Amino acid sequence: MMNQKKFQRAGKLFSLFLCVGILWLILTPQPVSAAGEEVSFGSESYTWEVGESYPIGIYITSDTEMDSFSYVVGYDPEVLEYVQGGIVLSDSEVEVEVDDVGDTDYVIYLYFSPLTTDATAISVTDISVTDSTGRESTADDVSVNVNGQPESGGLLESISINGVEIPGFDSDKTEYTVYVQPDVTEAEITCTPSDVEVEISDTVLEEGDNEILITCTDEDGNQAEYTVNVYRPASLTEDAGIPEPEEGISSLFPFLQNTEWSGASLAALIALIALILLLIILSLIKVHLVREQRRKKRRGRQMENTGEETEGETGSPAAAEDTAVREDSDAPDDDADIDIRVSHITMKFKREKDESSSIKELVIRTLKRQRSFEYFCALDDISFDVRKGEVVGIIGTNGSGKSTILKIISGVLVPTGGSVTVDKSKIQLLTLGTGFDMELTGRENVYLNGALIGYTRDYIDRKYDEIVKFAELEGFMEERVKNYSSGMVSRLGFAIATARETPEILILDEVLSVGDMFFRKKSEARIQEMIHGGSTVLIVSHSTSVIRKNCTKVVWIEKSKLRMIGEPDEVCSAYEKMNG
């Protein structure tokens with residue numbers, strides 16, 4: 001085994017190679033970033049209902065801090081009515097001017113109202129940007145499609161392609177994507193009901209993406225337009241709709257895509273990466289061997305201090321405690337109506353005392369055995385039972401371990417010690433603020449967050465309108481979530497989390513104080529329906545009034561230890577007295 005000095009020399013050698021690699025990367029031609037400004041919309045297209053007013057977000061970004069910008073928004077006044085957001089230039093143009101921007105990105109919302117169901121477009125032209133140094137620049141013109149939807153909804157009930165109905169068809173949804181076999185060269189479109197006049201664009205299918213437009217007109221003159229994107233693969237082995245990966249090293253390292261590399265440069269880069277990986281692997285092996293050696297020495301010293309090995313194993317207090325826990329967990333359960341049994345749960349987290357600021361420092365400190373750790377005890381010997389139909393509240397100050405015990409019960413975390421007896425397939429854990437991508441729209445986040453909870457796409461399709469209505473976000477689902485207020489995000493998360501039918505075991509982690517006063521009353525009513533639907537319920541909340549109102553029993557955990565279990569009034573009074 002290598003001694004300390006050899007590892008120190010290895011660390012110095014690694015530092016030398018790392019410095020050479022960094023110098024080589026600096027001296028090698030690097031990719032040139034594209035400069036300039038860009039204007040975009042919040043969504044790729046918009047579908048609005050006739051007679052309603054809707055916002056459209058226009059985003060402008062720059063590689064440098066902007067001082068001011070302006071652009072002209074054009075629209076068809078026969079199809080769209082301008083409502084507000086800019087300066088009217090004519091009956092078809094609106095100007096936007098913003099001074100003192102002081103940032104690299106900015107968004108302006110203009111409001112329009114559809115007058116007809118005709119398809120149209122909104123364009124942004126004459127874009128001018130001035131940065132903080134006074135430099136003036138322009139950006140490319142952009143446009144976005146807008147489709148009007150009749151007030152009564154869509155006109156079609158289904159669309160079939162070559163005899164196969166589009167799954168999940170919704171008359172109010174105007175764009176779909178389907179895949180066909182390689183030998184299908186033409187799409188045969190069938191629409192229902194048959195009394196709607198239908199016009200269909202070219203149905204010949206080329207290899208790759210094909211767009212088919214279906215325009216419908218009913219007997220009252222109402223119109224709707226549907227877009228069907230049909231993908232025809234070149235062969236059965238092709239992954240439909242998934243682009244082929246780019247060849248070469250640039251596909252692995254995107255920052256290299258615009259750089260011309262010689263064979264020698266590529267070889268040197270690969271060798272440097274391989275060396276770094278090898279040193280990291282060797283250091284991890286070394287750490288593992290050293291730890292095993294230390295454990296063996298500690299066990300040897302313990303055996304010498306305690307005498308015989310058998311006596312040390314069975315006579316120590318720790319061993320006796322473990323035996324008691326095992327006997328308790330293996331004992332026959334006479335209480336058949338217990339849904340959740342928490343037995344002597346202990347949870348410890350390992351954290352490094354002085355975290356490394358770089359990979360280089362981490363590797364060197366590992367090689368020199370200078371890393372030190374400490375353990376934080378989040379839960380210390382917690383035990384309680386929850387019977388069928390009980391509503392149990394868990395209270396405690398911040399950092400006491402309330403959310404940790406819920407995650408252990410639901411199976412998200414594995415405890416350091418103790419056991420939990422529960423059927424995890426019956427559990428639904430409701431906790432807000434997880435599973436949202438701020439760059440996606442509200443509609444996209446409904447499907448993303450629902451998938452993380454465990455909803456199927458068909459289930460979300462059925463519940464989508466109900467979720468939007470409950471969250472009170474009609475008209476905002478096509479905007480990016482990063483432009484929502486915190487209350488809007490919370491309402492959307494709550495609506496998604498509670499869209500499911502009542503589960504047998506319901507776990508609520510701080511979800512009873514969402515939104516404003518009016519929405520809070522509605523959310524409490526929704527939770528009350530789930531609580532009184534016969535479920536076994538666990539509630540974590542800082543509000544003792546919520547605990548008193550809803551719970552039949554309360555568990556008080558304070559600074560990782562079980563403080564008290566009992567009636568809500570008794571436990572909450574003691575908790576409030578402790579906190580003054």
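When reading the values below, keep in mind they use all heavy atoms of this one structure, side chains included, and skip hydrogens, waters and symmetry mates. Computed from a predicted model, the values in this text were never measured in an experiment.
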Q: Rounded at 0.5 Å granularity, tell me how far CZ in Phe494 sits from CZ in Phe470.
A: 5.0 Å
Q: Given side chains that start at C-beta, do those of Val446 and Leu492 come closer than 4.5 Å, heavy atoms only?
A: yes
Q: When you measure from the side chain of Lys402 to the backbone N and O of Gly396, does any donor-acceptor pair fall under 3.5 Å?
A: yes
Q: For residues Asn398 and His542, report the shortest heavy-atom separation together with the two atoms involved.
A: OD1-NE2, 2.7 Å
Q: If you draw a 6.0 Å radius around NZ in Lys407, do more than 12 non-hydrogen atoms from other residues or ligands fall strictly inside?
A: no
Q: Do Tyr575 and Thr544 touch side chain to side chain, with heavy atoms closer than 4.5 Å?
A: yes
Q: Would you name the heavy atoms of Cys377 and Ser560 that are closest together and state the gap between them?
A: O-CB, 3.5 Å
Q: Between Lys463 and Glu466, does any NZ, NE, NH1 or NH2 come within less than 4.0 Å of an OD or OE carboxylate oxygen?
A: yes
Q: To the nearest 0.5 Å, what is the distance between OG1 on Thr404 and CE on Met347?
A: 7.5 Å
Q: Which class fits the ring pair Phe169 and Tyr176: parallel under 30°, tilted 30 to 60°, perpendicular over 60°?
A: parallel
Q: Is it the case that Asn483 and Tyr59 place a side-chain donor and acceptor less than 3.5 Å from each other?
A: yes
Q: Answer yes or no: is there an ion pair linking Glu504 with Lys426, defined by an N-O contact shorter than 4.0 Å?
A: yes
Q: Are Glu439 and Lys482 within salt-bridge range, i.e. N to O under 4.0 Å?
A: yes
Q: Please examine the side chains of Ile56 and Tyr109, heavy atoms only from C-beta on, and report whether any two atoms are closer than 4.5 Å.
A: no
Q: Would you call Glu444 and Arg480 a salt bridge, using N to O less than 4.0 angstrom?
A: no
Q: From Trp556 CH2 over to Thr397 OG1, what is the distance, rounded to the nearest 0.5 angstrom?
A: 9.0 Å
Q: Less than 4.0 angstrom from a charged side-chain N to a carboxylate O is my criterion; do Glu474 and Lys469 meet it?
A: no
Q: Stepwise, does the side chain to side chain contact (heavy atoms under 4.5 Å, CB included) test hold for Ile460 with Thr456?
A: CA-CA 6 Å; Ile460 300 176; Thr456 64; over 6 Å; no
Q: Write down the atom of Tyr46, the atom of Gly57, and the distance for their closest heavy-atom approach.
A: OH-N, 3.9 Å
Q: Under the side chain to side chain contact (heavy atoms under 4.5 Å, CB included) criterion, do Met488 and Glu472 qualify, and how do the steps go?
A: CA-CA 8 Å; Met488 295 168 72; Glu472 301 173 3; over 6 Å; no
Q: What pairs with Lys424 under side-chain hydrogen bond (donor to acceptor under 3.5 Å, both in side chains), at least two apart in sequence or on another chain?
A: none
Q: Go through the side-chain N and O atoms of Asp105 and Thr61 and say whether any donor and acceptor fall under 3.5 Å apart.
A: no
Q: Say you draw a straight line from OG of Ser573 to CD of Glu567; how long is it, rounded to the nearest 0.5 Å?
A: 11.5 Å
Q: Kindly indicate whether the side chain of Ile58, heavy atoms from C-beta on, has any atom under 4.5 Å from the side chain of Ile60.
A: no
Q: Should Asp337 and Lys388 count as an ion pair when the cut-off is N to O under 4.0 Å?
A: no
Q: If only atom types and distance count, is the side chain of Ser400 paired as donor or acceptor with the main-chain N or O of Lys559 below 3.5 Å?
A: yes
Q: With respect to Asp380, which candidate in Lys348, His344, Lys561 satisfies the side-chain hydrogen bond (donor to acceptor under 3.5 Å, both in side chains) definition?
A: Lys561
Q: Run Ile394 and Ile539 through side chain to side chain contact (heavy atoms under 4.5 Å, CB included) and show every step you take.
A: CA-CA 6 Å; Ile394 301 179; Ile539 300 176; over 6 Å; no
Q: Is there a donor-acceptor contact under 3.5 Å from the side chain of Asn445 to the main chain of Asp437?
A: yes
Q: May I ask you to test the Glu558-Met564 pair for a side-chain heavy-atom distance under 4.5 Å?
A: no
Q: One thing to verify: whether Asp569 and Arg548 come together as a salt bridge, which I'm taking to mean a side-chain N less than 4.0 angstrom from a carboxylate O.
A: yes
Q: Taking the side chain as every heavy atom from C-beta outward, state whether Tyr447 and Asp461 have any atom pair closer than 4.5 Å.
A: yes
Q: Within the structure provided, determine whether Ile340 and Val422 are in side-chain contact (heavy-atom separation under 4.5 Å).
A: yes
Q: When rounded to the nearest 0.5 angstrom, what distance separates CD in Glu390 from CD1 in Ile338?
A: 9.0 Å
Q: If I take atom CG from residue Asp465 and atom CE from residue Met477, how far apart are they, to the nearest 0.5 angstrom?
A: 10.0 Å
Q: Quiz question: by atom type and distance under 3.5 Å, do the side chains of Ser543 and Ser541 form a donor-acceptor pair?
A: no
Q: Applying side chain to side chain contact (heavy atoms under 4.5 Å, CB included) to Val554 and Val392, what does each step give before you reach the verdict?
A: CA-CA 5 Å; Val554 178; Val392 177; over 6 Å; no
Q: Please report the closest heavy-atom contact between Ile345 and Gly418, naming both atoms and the distance.
A: CD1-C, 3.8 Å
Q: Which atom names give the shortest non-hydrogen contact between Pro55 and Phe476, and what distance separates them?
A: CG-CE2, 4.4 Å
Q: When you measure from the side chain of Thr346 to the backbone N and O of Thr416, does any donor-acceptor pair fall under 3.5 Å?
A: no
Q: So, for Val342 and Ile405, which heavy atoms are closest and what is the spacing to 0.1 Å?
A: CG1-CD1, 4.2 Å
Q: Within a strict 4.5 Å, meaning less than it, do heavy atoms of the Ile496 and Tyr455 side chains meet?
A: yes
